[in-house]
Number of protein chains: 2
Amino acid sequence: MPDAYYLQLTEQLRYLITQHATQWEGKLPAERVLAERFSTTRVTLRQALAQLEGEGLIHRSNRRGWFISPARLVYDPTRDAGFNDYVGAQGRQPRTAVLKLETRSHLVAARALGLPDDQPFHHIRRRRYVDDRAVLVESLWVVPERAPELLDIYSGQSLWGLLRGRWGHHLANRSIRMVSEALSPLDAEELLVAPGAAGLNICRAIFDDQQRPIEYDEEHWLHDSLCISVELSGQQ
Amino acid sequence: MPDAYYLQLTEQLRYLITQHATQWEGKLPAERVLAERFSTTRVTLRQALAQLEGEGLIHRSNRRGWFISPARLVYDPTRDAGFNDYVGAQGRQPRTAVLKLETRSHLVAARALGLPDDQPFHHIRRRRYVDDRAVLVESLWVVPERAPELLDIYSGQSLWGLLRGRWGHHLANRSIRMVSEALSPLDAEELLVAPGAAGLNICRAIFDDQQRPIEYDEEHWLHDSLCISVELSGQQ
DNA sequence: GCAAACTCCTGGTCTATACCAAAACGCTGG
DNA sequence: CCAGCGTTTTGGTATAGACCAGGAGTTTGC
């Protein structure tokens, strides 16, 4: 119904994608090929592709081309189930790459946890994959007193599992913040996408059952790769 | 640092916007004016503007121009504080326009509440504003038995307040889903933005303390107008 | 004095083309 | 069979215009 050609194109592409998903094995033909097939220019074609990207139907891997996006991962940021667990539970393959391990201060984490500005933290930066697609990068800032030798033993497993199992912490109170964002050049590079790609930023400050600060973390997700789901019972 | 000109442009515009926010009274100069000032074409200029739009710094009102986005509204979808209350508490001016009142069935709501497909609902569609900017449209699907004469008395106030005050319902269990989206042509039109603009879709299914279904609602927010914030205590 | 009609400006859309750098591909030699 | 190297392909970026239709402001006519 819409008159703009790029919107008609969007519909035709949407149809083609759902039909030929398997045939193309997830990757769309080259932009020049698609532009010619639809008798238009790359500029207009890209406008249509950007629409579908906004919907989360397709995404592009920087300089590699357009790909059909897999189903969104269902994620509950209020639970402390490990990434590996809930990804596996949804029949997907999780993977984690540790990008950095260090100890230093971090103003934002300190403020979020109510600690002095120069408070040092154990910092873990990791990238996480679902079915070999990088879907998020995150930075974890752990109060060293709560997990002294963390950096020596950490190798990609569930942090919350470690905190509970090894140091006996009970993660009790948490404040969570979610904001849509454009991925920073650094985050985008680590996720192999174009700078400025749409993302979702999730920040959490975690305290134990005695209100002691445990950890602060900052996640940057590709916007099309998750569906946030929260189940609550009891009156608010 | 980035080499691409449109990224340099983005930085310059970001600077100008934060400096001249008051001078321009929230509205940016015409695209042709900006393009000429930066010695580039509208195409490239728009690429830079789109970056800032993705970050939530600016937005465009369909065919009206580019505007500086106000601060995000902090919103906790797990609480049932009324819109008017929490907008007011943040020093902002709330407003609600009722777009539609009707009774009919709705498959998605029925499924979400575990009711038969042909279950009728009281349907309220409303648009909500913060400081006179339309920031969301939503559809509410209320089980008629829980609020029989709802449509006769409803005129824009807090629905949850009504359910609690008039019919004595205790909203107890809720399942919430949040997904990034591109606004549908209808939603975009009702929010006065271009079709396909980035949005956030929030759906909730609400049950009372006896697990009886009360209500299902679907919100479509402009992506740059909110910051989701959840506070939780107690172990999960 | 006010509403309707008109004009101008502006954003929305589109064409056609070009160059660059990174990725992908294919060839070649060990 | 694989590593290294050169070629081709492809996405990313950019230019220079053009037309249209909706919005906004102004003028006109009752």
Side-chain angles (χ1 to χ4, degrees), chain A residues 1-13 24-54 58-68 134 182-183 185 188-198, chain B residues 1-13 24-54 58-68 134 182-183 185 188-198:
Chain A
M1 310 334 134
D3 38 356
Y5 183 54
Y6 84 95
L7 287 175
Q8 296 175 35
L9 247 185
T10 303
E11 295 313 312
Q12 292 183 48
L13 285 169
W24 287 336
E25 287 180 357
K27 185 178 191 312
L28 267 60
E31 292 181 1
R32 286 171 174 83
V33 173
L34 287 174
E36 190 174 12
R37 179 181 311 180
F38 292 104
S39 312
T40 184
T41 60
R42 275 180 68 207
V43 180
T44 302
L45 189 260
R46 280 170 68 90
Q47 209 173 344
L49 291 172
Q51 280 286 318
L52 297 172
E53 185 184 26
I58 59 177
H59 65 275
R60 54 191 159 148
S61 186
N62 202 15
R63 288 197 167 275
R64 253 167 292 263
W66 295 88
F67 298 83
I68 299 173
L183 295 174
E189 192 192 328
E190 291 184 340
L191 290 171
L192 292 180
V193 298
Chain B
M1 314 323 146
D3 39 357
Y5 183 53
Y6 84 95
L7 288 175
Q8 296 175 35
L9 245 186
T10 303
E11 296 313 310
Q12 294 183 46
L13 285 169
W24 287 335
E25 287 180 356
K27 186 179 191 310
L28 267 60
E31 291 182 1
R32 286 171 174 83
V33 174
L34 287 174
E36 190 173 12
R37 178 182 309 182
F38 292 103
S39 314
T40 185
T41 58
R42 275 180 69 208
V43 179
T44 303
L45 190 260
R46 281 170 67 90
Q47 211 173 340
L49 291 171
Q51 280 286 319
L52 296 171
E53 185 184 27
I58 59 176
H59 65 274
R60 53 192 160 150
S61 186
N62 203 15
R63 287 192 172 279
R64 250 168 296 261
W66 294 88
F67 298 83
I68 300 173
L183 294 174
E189 193 190 328
E190 291 184 339
L191 290 172
L192 294 180
V193 297

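Please read all numbers here as calculations on a predicted model, not as lab measurements.
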Closest nucleotide among [options] to the [X] side chain:
| X | options | result |
| --- | --- | --- |
| Q47(B) | dA16(D), dT13(D), dC14(C) | dT13(D) |
| R63(A) | dA22(C), dG12(C), dT13(D) | dA22(C) |
| R42(B) | dA18(C), dC14(C), dG12(C) | dG12(C) |
| V43(B) | dT13(D), dT10(D), dG17(D) | dG17(D) |
| K27(B) | dC14(C), dG11(C), dG12(D) | dG11(C) |

Below 4.0 angstrom from OP1 or OP2 of [N], is there any side-chain N or O of [X]?
| X | N | result |
| --- | --- | --- |
| T44(B) | dT13(D) | no |
| R60(A) | dG12(D) | yes |
| Y6(A) | dT13(C) | yes |
| N62(B) | dG12(C) | yes |
| T40(B) | dA14(D) | no |

For this session: May I ask you to verify whether the side chain of R32(A) and the base of dG11(D) hold a donor-acceptor pair under 3.5 Å?
Result: yes
Rounding to a whole Å, what distance do you find between [X]:[atom1] and [N]:[atom2]?
| X | N | atom1 | atom2 | answer |
| --- | --- | --- | --- | --- |
| L28(A) | dG11(D) | CG | C1' | 13 Å |
| E31(B) | dG17(D) | CD | P | 18 Å |
| L45(B) | dT10(C) | CG | C1' | 13 Å |
| E189(A) | dG12(D) | CD | P | 15 Å |
| E36(B) | dT10(C) | CD | C1' | 15 Å |
| L49(B) | dT10(C) | CG | C1' | 13 Å |
| R46(B) | dA16(D) | CZ | C1' | 16 Å |
| L7(A) | dC14(C) | CG | P | 8 Å |

Exercise. Counting only heavy atoms not in E36(B), do more than 12 fall under 6.0 Å of its CD?
Worked result: no
For this session: Answer yes or no: are there more than 12 heavy-atom neighbours, outside Q12(B) itself, under 6.0 Å from its atom CD?
Result: yes
Do [X] and [Y] come close enough that some side-chain heavy atom pair is under 4.5 Å?
| X | Y | value |
| --- | --- | --- |
| L28(B) | L49(B) | yes |
| R64(B) | L192(B) | yes |
| R46(B) | R60(B) | yes |

Exercise. When all nucleic acid strands are considered with a 4.0 Å heavy-atom cut-off, which category describes R64(A): base, sugar-phosphate, or nothing?
Worked result: sugar-phosphate
For this session: Walk me through it: do L45(B) and L13(B) pass the test side-chain contact (heavy atoms from CB on, under 4.5 Å)?
Result: CA-CA 10 Å; L45(B) 190 260; L13(B) 285 169; 4.0 Å; yes
Exercise. Relative to the 5' end of DNA chain C, which residue comes earlier, S39(A) or S61(B), by the nucleotide with the nearest heavy atom?
Worked result: S61(B)
